[in-house]
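Data block below; observations after.
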Amino acid sequence: MTEASWYVVHTYSGYENKVKVNIEKAIENRHLEDQIMEVRVPLQDVVEMKNGVKKTVQKKLFPGYVLLNMVMNDDTWYVVRNTRGVTGFVGPGSKPVPLIEAEMYNLGIQSGDFTVDFEEGDTVTVIGGVWKDTVGVIQSMNQAKQSVTINVELFGRDTPVEISFAEVRKM
């Protein structure tokens, strides 16, 4: 069985919660609980001032988008794609592209508990982000932020760069 990944679905603006409910109903009706594990509309707390009173409200982090943790196959693709309010998966053409670990971590989807096999002084390769395919030596590690600081050669000098654990691999 293939492993589940997170995918992003584009919806009509304002229909995110309706799409979430409709997909969850389709999962239940078609018994796809083992293939579509979670449907999520990312929210963030925002402080608004109304009539001089501060009020904390939840706003959609990505209006017009819904996140799905699912195994991609013909059945799941069909169910999601033909849900009312869904305009398509995010990706080139009709091919859905799963989110990478670093993107999921930034969205707060992963628990962030990375087991790392590197330490200060090790040489690592960056596997994602702006510094992809860059090689550097770990100068420091920050467990709280789940990041490492490596030295990268930039304009002929070593420059410290902070990178997430999810974006580096030991050489």
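Since this is a predicted model, take the numbers as computed values, not measurements.
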Working to the nearest 0.5 Å, report the span between [atom1] of [X] and [atom2] of [Y].
{"X": "Lys95", "Y": "Trp77", "atom1": "NZ", "atom2": "CH2", "answer": "12.5 Å"}
{"X": "Lys60", "Y": "Leu43", "atom1": "NZ", "atom2": "CG", "answer": "7.5 Å"}
{"X": "Glu162", "Y": "Ile150", "atom1": "CD", "atom2": "CD1", "answer": "11.0 Å"}
{"X": "Lys54", "Y": "Glu48", "atom1": "NZ", "atom2": "CD", "answer": "13.0 Å"}
{"X": "Arg84", "Y": "Ile23", "atom1": "CZ", "atom2": "CD1", "answer": "13.5 Å"}

| Derivation and outcome, side-chain hydrogen bond (donor to acceptor under 3.5 Å, both in side chains), residues Asp75 and Gln35 | CA-CA 9 Å; Asp75 293 336; Gln35 295 178 44; 5.2 Å; no
Close side-chain approach of [X] to [Y], heavy-atom, < 4.5 Å:
{"X": "Val39", "Y": "Ile27", "value": "yes"}
{"X": "Ile138", "Y": "Val168", "value": "no"}
{"X": "Val126", "Y": "Val152", "value": "no"}
{"X": "Pro98", "Y": "Met72", "value": "no"}
{"X": "Lys18", "Y": "Tyr12", "value": "no"}
{"X": "Asp158", "Y": "Glu153", "value": "yes"}

| message | Tell me if the centroids of the rings in Tyr65 and His10 come within less than 6.0 Å of each other. | response | yes
| remark: Exactly one of Val41, Val86, Thr87 clears side-chain contact (heavy atoms from CB on, under 4.5 Å) with Val19, and that residue is Val86
| Is the backbone of Val53 close enough, under 3.5 Å, to the side chain of Asn51 for a donor and an acceptor to pair up by distance? | no
| query | Between Gln44 (side chain) and Pro42 (backbone), is there a donor-acceptor pair under 3.5 Å? | reply | no
At their closest point, which heavy atom of [X] faces which heavy atom of [Y], and how far apart are they?
{"X": "Met37", "Y": "Ala4", "answer": "CE-CB, 3.6 Å"}
{"X": "Ile163", "Y": "Glu167", "answer": "CG2-OE1, 3.4 Å"}
{"X": "Thr149", "Y": "Pro160", "answer": "CG2-CB, 3.8 Å"}

| message | One thing to verify: whether Lys20 and Glu16 come together as a salt bridge, which I'm taking to mean a side-chain N less than 4.0 angstrom from a carboxylate O. | response | no
